[in-house]
Each structure stands twice: as C-alpha cells, then as structure tokens.
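The structure appears below as structure tokens.
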Amino acid sequence: MTDAKRDDSAAPPNFIRHIIREDNASGKFDGRVVTRFPPEPNGYLHIGHAKSICLNFGLAQEFGGVCHMRFDDTNPTKEEAEYVESILEDVQWLGFGWGEHLYYASDYFEQLYGFAVRLIETGKAYVDSLSADEIREYRGTLKEPGRESPFRNRSVAENLDLFQRMRAGEFEDGAHVLRARIDMAAPNIIMRDPTLFRIRKAHHHRTGDAWCIYPMYDFTHCLSDSIEGVTHSLCTLEFENNREIYDWVLDALGVYHPQQIEFARLNLTYSVLSKRKLIQLVAERHVDGWDDPRMPTISGLRRRGYTPEAIRSFCERIGVARRDSMVDFALLEYSIREDLNRRAPRVMAVLKPLKVVIENYPEGEVEELEFINNPEDPSAGTRKVPFSRELYIEQDDFMENPPRKFFRLGPGREVRLRYAYFITCTDVIKDDAGRVVELRCTYDPATKGGDAPDGRKVKGTLHWVSAAHGVPAEVRLYSALFTEENPAECEDFRSCLNPDSLELLTDCRLEPSLAEAAPGAGYQFERMGYFCADRDSRPGRPVFNRTVTLRDTWAKIQKKQKK
RNA sequence: UGGGGCGUCGUCAAGCGGUAAGACACAGGAUUUUGGUUCCUGCAUUCGGAGGUUCGAAUCCUCCCGCCCCAGCCA
C-alpha cells in the first residue's frame, strides 16, 4: 500500500472516471484498468506533473488496477540520467509506487524496429530522402494540402534495405527518415506522412551507442502502451491531434489498442509550468536551481515545506476537465495551510527582533514556562520555554503612534506575551537616527501563564524569545516568483520576474528547541506562518524557509486603511 | 479561409431533459492566550449569444461569437 491510499477523501466525479466506469460496465478491457505515467527525462517534475501522477496512479488504485512508471526516452540529445533519478524520487515522495512496473521506451527499441519493418513490408511506411527543409515544404500548410515526396513510391525491397542500412549507421544524421505512408492531403497535418524514425548519432543515457536511429513519439508512445497492455492512456490536450496517428499505427499493425484520453494541463497563477521556461530559469540563474523553493517543481515545493498530502489534496481539489484553465495559487496555499495546521508543531520565532527589557523582573532569573505544542492536536503535548528579563519581540508588534484597530504594543499599552505575562510599555528608547531600538516595560507577576486573576482583558498577544536563550538563525521569506498572474502573457516572461521574491533575514531569534531542527521539518512560527528547516542549516545556526504565511486579517485591515 | 477541441459564479468544477452541487477567493458575524484555527451567514432567477424543439432545456437542434491546439527529423 502506498501513502496516497490513505487519503479517504470522496473522489469527485470527472469525465475520465465516467469513461472508466462505462468501460468496466461494457467489458471493453475485461474490467482491467492499467494507466501509466510517461515523463520524458529531460527536466524535473513540476506541480503540473503532480496532477498527472495523482490522476494516473490514483485512478489505478481506485479501480484496483496498476499504474506503470515509464520513461519516454526516445530523444538521446535531450535526456539525462540525472533527470530519471529525480523523477523517480519525486513520484515516490508524492506517495506513489509502481511495484515491478518500471519501464523505459528505450527497452522497446528492438520491438519498435520490428514493427517498423512490418509497416514497410505492408507498404505502410517508406524511407524518405528529402531534407528536413524539403519535407517541411512538401507538407503544405494549414489550408493547403501537401505534396507527395518523390521517394514515396520506393519498392518494399529498397525501403527494407535502406532502413536496415540506416540502423547500421551507413548514413549521416538527416540523410534519410522513415515515414508512414498515409495521406499528404489529410486535413490533420499530423497525418501527412508523419516521421517514424530519424537518424541521430548520439549517445543514449541507457542504450549507449547501440542505436543510431531513434523512434519518434507518435510511433513509440502508442506501441509502448500497447506492449504494456495499458487500457486508458491519459495525456494532455495538446496531444489531441495526435490521437489519430496513435490509432492509425495500432490499427495498421493490428495490435492491442489502448484508448487515449486527453485532459487539460494545469496552469497556476503567478507561475510558469513549461519545461522550456523552467529550464531557462535554472540555466540563467534567475533561481537557485531546480529545487529553489520558489520553483513550482516537486523538489522546489518539497524544499519550500510543502507536504505530499497537501499536493495530493490540491490535485484532488482542482479536478480534471477538458477546458483550459488557470488555477489560483491561493488554492495551493490553502491546501498546505490545511495540512500543516493540523500537524505542524507551534514554536516561537522572532524574525525582526526588537529588544524589550522588563524593568521590574529580577535580573538573572530564568523561568521555564509551559507552552502548548499544537492546539489542534492535544496529543502533541507541551514543552518548556525559558523566560527572562530581556526579550525580543517582533518589530511589527510595536508602534509609537498606533492607528485605530492596532491591538499590539505601544507607549503605555498593555499586551500579553504568549503563555507568559502581561507587560506594559513604559519607555521607548531610540538611536540617533530616531529609530526605536529598545522598549522598557513592566510586567504583572499575577498574570503568569497569560491570564489576569482580576479578569482584565488585553487585546493583543505577542510572541517572544528570551534574549539570552534565543538561537540566532537565518530565515528566507519567499513570495511569488512573478508579478503577473500569467507570466506567459508578458512579452518575455523573464521581464515579470518578481525582484522581491526572496527576502533574506539574517538576524532572527528562535526558541531554544529549534537549535537542531532537522532539515525538512515543518513548524508553525506562531503568528508568522509555516516554516521548514532548510538543508543549509548548520549546528547552532538553523536556516528556515517560509512555506506560506498564516492568513493575515490584520494585513487586510491595514490595506483597507491605506485606501 | 483546413482540421481538432472548449465555453456553467472572481478562480476551479459538478450537472447528461425535471427546474444551477461543492471548493477556493471575497464580504459580514460568533468563539479564541496565534488579528491563526473552528463555527455560522451571504455570494450564478441563471449556464458565451440568438433562435428553435418540448408541458419543461445548462442539458436536444440550428446559426452566430469567443478562446485553445496542429505546418519538429521535440514530447
């Protein structure tokens, strides 16, 4: 059983589930359900792939079938072993398993070659010797039919001989190509004698130099599905035009015929999900690599602190349909907050420290106060946090001239320090530039724990860290990578990169329990957001990434007040 | 002007001839030692538009409008 199986969320209806139910009812595939996730190992997986992964593996689980993990590795010039490693890791991390069903299209090269020979023998394929440019010219346009290649009517024997010599390496790249003989006037341009095999004298990440001809996607994909006994072959909408050739190849060969079903790919606001653009962001150093926490890659989201559960529930929530859409990033944020709210331990962390001295608190004294680890989960228990005369609070929690509705600290005001005492600000100390650098306060010993015996209330509760005990830390505040909802609509998507997508804070203070936080561990920094320990952490010097802020009604009020 | 798709709330998305689910977002309110969480409440008389069929249409028909995909020896 894989992790994902534990999700018991009722599956909402969608058109693919409908089709599978109908097929099961009619006995079309004898009740079998076999799907597959077929990435090309030419980049890292992103949230859009997660949608496909959840769909394929999820549907298979739901209907008691299996989902194959298959690499579509037919283009040696773009694919690398590094990518297959990361893809395998990401799929597993998401909570899915393929058992013994790990396949590579490259494992089918010999079979594919055989199928091509059969096509030649039946007159359904021929070797064309036109150049790439000429083939394009002969193809015609969207409105005008194409013309037949002068090599289209070579004899079967000549085609067989040429194809065999292509494989043997007798020709240079581009000299010949194997094409299906269909119809140069077909209204669907893909059907105008599509290329089946091309010569590529390149090293393949798995087959090495065993081959110098490589099959094209349209020839490989349908046959790989057929060989594996796939029932429902799910792909994105842009392959809709390719369904005709998918069906043609299978029928021309008379082999087992899976059904291709297309669905809309995921688009996310303030993100780019095209592999080309993602590669560009990495190559041009706009981000810090594939797993930069601002990247929509699975590895980036993981480093950002997203959990597999949150990503899976997001994928369930967005649904599956055939219409192009753009999902609000806020839905992704909702999904991670929902998950972390119920499981992340609460912790005190001051990101932008402001010193507070409690003048009537005994010098040198330290109290261990009891904190609740997670109010959403009583079983998480409590812990002790040290309190002393000198503390740090958040700079934003103090205002010398507070506006209406500001519940926090100000001159003469009384607030609660969470799980500690009520304090009142008695004095504000500034530097030469007039900036507030320290607060002098008094505390009420009777309010220990945070409640006043006389029943008096206080509007604000602040988080704090004892100055002498605080652990210095670095915290990275991330926000949207792009300034526009749809970067694809910018002249150049790089021109709407958000210059402030990363705010680096190097003088943060955390409560002592965080000193040795394990990389990957997620916490809620109370009142600030959810954060995740980064792998850059060093003993005594933790580094945290902000996963997502808490919902912030105060920020909304401020925005309104400014208007 | 070729072919293939798609148009239901700000964003996703159910609905499949019987009179518009749900989620996010947003707006109010209650509870709260996180301005968090939770809990209530509100949020499409209308389904791209116009005709038609029907007792009855988002669902069927016709026409129109808009958007997406296809001219790689990429996938």
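Given the structure is predicted, the values throughout are model-derived calculations rather than measurements. In what follows, chains are A, B, ... by sequence order, proteins preceding strands, each numbered from 1.
- Across the protein-nucleic acid pair, Glu144(A) atom CD and rG3(B) atom P stand 14 Å apart, rounded to whole Å.
- Where Arg337(A) and His176(A) each meet RNA chain B at their nearest nucleotide, the meeting point lying more 5' is that of Arg337(A).
- Between Arg136(A) and rG72(B) there is a side-chain N or O to OP1 or OP2 distance below 4.0 Å.
- Residue Asn241(A) places a side-chain atom within donor-acceptor reach of the base of rG3(B), judged by atom type and a 3.5 Å distance cut-off alone.
- Among the heavy atoms of the strands lying under 4.0 Å from Tyr419(A) is at least one base atom, whether or not backbone atoms are also near.
- At the phosphate of rU38(B), neither OP1 nor OP2 sits under 4.0 Å from any side-chain N or O atom of Arg342(A).
- Across the protein-nucleic acid pair, Phe219(A) atom CZ and rC73(B) atom P stand 16 Å apart, rounded to whole Å.
- Under 4.0 angstrom from either OP1 or OP2 of rG2(B) there lies no side-chain N or O belonging to Thr141(A).
- Separation of the Phe71(A) and Tyr104(A) ring centroids falls under the 6.0 Å cut-off.
- Phosphate contact (OP1/OP2 of rG72(B), side-chain N/O of Arg139(A), threshold under 4.0 Å): present.
- One finds no salt bridge joining Glu414(A) and Lys459(A) here, because no Lys/Arg side-chain nitrogen approaches an Asp/Glu carboxylate oxygen to under 4.0 Å.
- The side chain of Lys560(A) approaches rG28(B) more closely than any other nucleotide in the set rG7(B), rG28(B), rG2(B).
- In this structure, the CZ atom of Arg147(A) is 14 Å from the C1' atom of rA71(B), given to the nearest Å.
- When the side-chain nitrogen and oxygen atoms of Thr74(A) are compared with OP1 and OP2 of rA75(B), one or more of them lie within a distance under 4.0 Å.
- Exactly one residue among Arg383(A), Lys384(A), Arg418(A) makes a salt bridge (charged side-chain N to carboxylate O under 4.0 Å, His left out) with Glu511(A). That residue is Arg383(A).
- The OH atom of Tyr246(A) sits 20 Å away from the P atom of rC70(B) (whole-angstrom rounding).
- Considering only side-chain N and O atoms, Arg551(A) lies nowhere under 4.0 angstrom from the phosphate OP1 or OP2 of rG35(B).
- In terms of phosphate contacts, Lys143(A) brings no side-chain nitrogen or oxygen within less than 4.0 Å of OP1 or OP2 of rA71(B).
- Of the side-chain N and O atoms in Arg198(A), one or more sit less than 4.0 angstrom from OP1 or OP2 of rA75(B).
- In this structure, Phe197(A) atom CZ and rG72(B) atom P are separated by 21 Å, rounded to whole Å.
- A ring-centre distance under 6.0 Å is found for Phe387(A) and Tyr421(A).
- Cation-pi check for Arg200(A) over Tyr214(A) is not met; the charged atom does not lie both under 6.0 angstrom from the ring centroid and within 45 degrees of its normal.
- Remark: Lys277(A) is positioned above the aromatic ring of Phe493(A), its terminal NZ or CZ atom under 6.0 angstrom from the ring centre and at most 45 degrees off the axis.
- Both Arg418(A) and Thr269(A) lie near RNA chain B, and the one whose nearest nucleotide falls closer to the 5' end is Thr269(A).
- Atom pair Glu79(A):CD and rA75(B):C1' shows a separation of 9 Å (rounding to whole Å applied).
- Put simply, CG on Asp324(A) is 14 Å from C1' on rC70(B), counting in whole angstrom units.
- Side-chain to base pairing of Glu376(A) with rU38(B): no donor and acceptor N or O lie closer than 3.5 Å to each other.
- Remark: Arg317(A) is not in phosphate contact with rG22(B), judged by side-chain N or O atoms under 4.0 Å from OP1 or OP2.
- Remark: rC6(B) base-pairs with rG66(B). Criterion, Watson-Crick or G-U wobble with two distances under 3.5 Å.
- An OP1 or OP2 oxygen of rG5(B) is reached within less than 4.0 angstrom by no side-chain nitrogen or oxygen of Arg322(A).
- rA75(B) has no stacking from Tyr217(A) on its base ring, since the centres under 5.5 angstrom apart and planes within 30 degrees of parallel are not both found.
- One atom, CZ of Phe314(A), and another, P of rA25(B), lie 13 Å apart when rounded to the nearest Å.
- Using a 4.0 Å cut-off, no side-chain N or O of Arg527(A) falls inside it from OP1 or OP2 of rG36(B).
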